[in-house]
Amino acid sequence: DDTLGSAAAAKGRYFGTAVAANHLGESAYTGTLDREFTAVTPENEMKWDATEPTRNTFTFSAADQIAGHAQSKGMKLRGHTLVWHSQLPSWVSGLGASDLRTAMNNHITQVMQHYKGKIYAWDVVNEAFQDGTSGARRSSPFQDKLGNGFIEEAFRTARAVDPDAKLCYNDYNTDGINAKSNAVYTMVKDFKSRGVPIDCVGFQSHFNSASPVPSDYQANLQRFADLGVDVQITELDIEGSGTAQADNYANVVKACLAVTRCTGITVWGITDKYSWRASGTPLLFDSNYAAKPAYTAVLTTL
Ligand code: XIL
């Protein structure tokens with residue numbers, strides 16, 4: 001198999017990338033996308049500030065471009081993301097509790113309805129836990145005004161709108177076994193025991209020298225899978241270059257392949273040219289769309 005997508009498919013997995021609608025007109029960008037990848041995640045276009053910039057006025061044109069492209073190429077589409085403290089319009093943060101609950105459920109309902117039947121998995125809630133050792137929830141309008149129950153409420157609302165989409169919780173710094181991932185683990189275990197709908201957990205996997213690929217990455221993915229959810233690597237990028245970067249990418253692929261319920265890997269961009277991590281070269285293709293050693297490492301490990 002000579003592409004990421006076909007090599008991953010031979011192992012029963014998808015290989016995806018984040019996509020930005022404003023680059024789809026660039027032939028090298030779209031050519032690489034269509035050749036190599038079997039899944040896409042809109043990098044920003046499905047976020048709250050993009051889809052509902054003012055209350056109850058929904059704009060889907062940029063996200064629709066990506067969704068239409070994915071559909072025409074038979075690619076899976078990951079929905080990202082419905083409830084998140086960031087890229088959240090100020091009108092949302094200004095609401096009182098009762099209005100905020102209504103707005104959250106309406107946002108989930110309208111956005112999921114628009115893409116109903118087209119989404120493989122939704123990141124229903126993104127980044128709801130704090131970094132560090134407390135295992136506590138992160139302060140956000142949702143957490144502060146609606147309390148701990150907001151995550152459960154979001155998942156229940158989501159299930160009712162599109163019962164065919166897998167519903168994921170997604171976060172970063174939860175890739176290894178640590179206080180933050182323990183807190184997410186406890187939540188998922190509780191959801192499964194009480195019948196709260198959750199199907200998958202996303203591990204963003206933004207790595208660099210300060211936050212390297214954890215040695216217990218595979219063990220962490222496995223313990224979540226053992227709770228009865230799928231696991232997915234959702235936003236992979238690894239700063240660095242050359243052999244060191246390639247080895248780290250290979251280790252991530254190995255970990256996913258070793259976990260039966262790891263259903264796919266998504267890198268957070270196609271080319272270093274457009275990576276959100278301005279101070280690095282974290283992706284598989286360089287800024288001229290040439291495959292890097294990291295690309296070869298992924299392809300041969302798959
Ligand atoms: C990033 C995008 O890549 C940037 O273009 C944007 O300016 C900020 O958000 N965690 C997530 C993603 O869940 O949505 C973020 O994407 C990266 C961190």
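In each ligand, atom 1 is the first atom listed, and ligand 1 is the first ligand listed.
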With the criterion set at N/O pairs under 3.5 Å, what does the list of contacts between the protein and ligand 1 look like, atom names and distances included?
unit_1	atom_1	unit_2	atom_2	d
ligand 1	3 (O)	Glu43	OE2	2.5
ligand 1	3 (O)	Trp268	NE1	2.9
ligand 1	5 (O)	Glu43	OE2	3.3
ligand 1	5 (O)	Asn44	ND2	2.9
ligand 1	9 (O)	Lys47	NZ	3.2
ligand 1	9 (O)	Gln87	OE1	3.3
ligand 1	10 (N)	Glu127	OE2	3.1
ligand 1	10 (N)	Gln204	OE1	3.2
ligand 1	10 (N)	Glu235	OE1	3.0
ligand 1	13 (O)	His80	NE2	3.2
ligand 1	13 (O)	Asn126	ND2	2.9
ligand 1	13 (O)	Gln204	NE2	3.4
ligand 1	13 (O)	Glu235	OE1	3.3
ligand 1	13 (O)	Glu235	OE2	2.8
ligand 1	14 (O)	Lys47	NZ	2.7
ligand 1	14 (O)	His80	NE2	2.7
ligand 1	16 (O)	Lys47	NZ	3.3
ligand 1	16 (O)	Trp268	NE1	3.3

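- Checking Tyr249 against Asp247 by side-chain atom types alone, no donor-acceptor pair falls below 3.5 Å.
- With sequence neighbours excluded, the residues satisfying side chain to side chain contact (heavy atoms under 4.5 Å, CB included) with Pro89 are Trp48, Asp49, Trp91, Val92.
- Taking Ser181 as the reference, Asn178, Arg223 meet the side-chain hydrogen bond (donor to acceptor under 3.5 Å, both in side chains) condition, with sequence neighbours excluded.
- For the side chain to side chain donor-acceptor pair (under 3.5 Å) condition, the pairs that include at least one residue of residues 256-269, sequence neighbours left out, are Tyr120-Thr263, Asp230-Arg261, Gln232-Thr263.
- Between Lys273 and Asp286 there is no salt bridge, since no side-chain nitrogen of the basic residue lies less than 4.0 Å from a carboxylate oxygen of the acidic one.
- Looking at Asp123, its side chain never comes within 3.5 Å of a backbone N or O of Cys168 through a donor-acceptor pair.
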